[in-house]
Amino acid sequence: MTDAATSLKLFQNPRVLRNTTYGEAADPLISTAEFEAARAEISTWPDYAPTPLLDLPGLAAECGVAGVRYKDEAGRFGLGSFKALGGPYAIRRLIAERGGEPGELTVACATDGNHGRAVAWGAKQLGC
């Protein structure tokens, strides 16, 4: 191990609920049906592809764990952002709720960071 690895300390989250699945307890956030509907729609978007998981064996070895994987969201829709799905999906739902008229909808965010860029991209794609 390197000097950096020997000073590395791993901490387990004491609140983690191992061996649990998404279920009724999480439904107030988003129901299982809503989650499946979002996944089904998002997977039909032009240029959609699941993000790759990249193995980082060197980091895993330094940390003394069996494996470390990095979810590389940088290429998603050319936004360089890991927040490229939620904002555009919310805009699509809002348009659908309003009867499908995007031209009359103005969308704004309080940020021009990852979320703001994703919302702007979604608004442009949908004609807002």
Side-chain angles (χ1 to χ4, degrees):
M1 281 195 211
T2 66
D3 289 336
T6 57
S7 65
L8 180 68
K9 293 182 181 180
L10 300 175
F11 296 93
Q12 263 191 329
N13 180 348
R15 295 182 182 163
V16 69
L17 300 175
R18 302 224 183 267
N19 301 318
T20 60
T21 59
Y22 182 90
E24 289 183 28
D27 276 353
L29 304 174
I30 181 172
S31 72
T32 302
E34 290 170 321
F35 172 78
E36 292 299 334
R39 181 189 352 214
E41 179 178 330
I42 290 169
S43 67
T44 68
W45 294 359
D47 300 321
Y48 170 81
T51 54
L53 288 175
L54 307 175
D55 286 314
L56 302 175
L59 181 59
E62 284 187 39
C63 295
V65 296
V68 173
R69 298 180 110 191
Y70 169 71
K71 186 174 182 187
D72 185 2
E73 297 265 348
R76 190 171 305 273
F77 303 120
L79 296 173
S81 168
F82 66 94
K83 296 182 178 182
L85 301 179
Y89 181 70
I91 295 169
R92 285 178 184 262
R93 290 203 46 192
L94 183 60
I95 290 169
E97 290 171 8
R98 295 173 54 110
E101 299 294 330
E104 298 178 13
L105 181 65
T106 300
V107 179
C109 283
T111 176
D112 64 352
N114 290 334
H115 176 70
R117 286 194 314 271
V119 168
W121 175 85
K124 182 178 179 182
Q125 299 300 310
L126 297 166
C128 296

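Residue numbers count from 1 along this sequence.
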Minimal non-hydrogen separation, Thr111 against Gly113, with atom names: OG1-N, 2.8 Å

Is there a donor-acceptor pair closer than 3.5 Å between any side-chain N or O of Asp72 and the backbone N or O of Ala74? yes

Short N-O contact, Arg76 and Glu73, less than 4.0 angstrom: yes

Tell me whether Val65 shares a hydrophobic cluster with Leu54, the cluster being built from Ile, Leu, Val, Met, Phe, Trp, Tyr side chains joined at under 4.5 Å. yes

For the CG atom of Asp55 and the CZ atom of Arg69, what is their distance to the nearest 0.5 Å? 4.5 Å

Got a sec, which pairs hit side-chain hydrogen bond (donor to acceptor under 3.5 Å, both in side chains) with one end in residues 112-128, sequence neighbours left out? Asn114-Arg117

Shortest non-hydrogen pair, Glu41 vs Tyr89, comes out as OE1-CE1, 3.7 Å

Does Leu79 share a hydrophobic cluster with Ile91, counting links as ILVMFWY side-chain heavy atoms below 4.5 Å and allowing steps through other members? no

Using the rule that Ile, Leu, Val, Met, Phe, Trp and Tyr join whenever any side-chain heavy atoms are under 4.5 Å apart, tell me whether Ile42 and Phe35 fall into a single cluster. no

When you group the ILVMFWY residues by side-chain heavy-atom contacts below 4.5 Å and let the links chain together, are Leu126 and Trp45 in the same group? no

Is there a side-chain contact between Pro88 and Phe77 in this structure, where contact means two heavy atoms from C-beta onward sitting under 4.5 Å apart? no

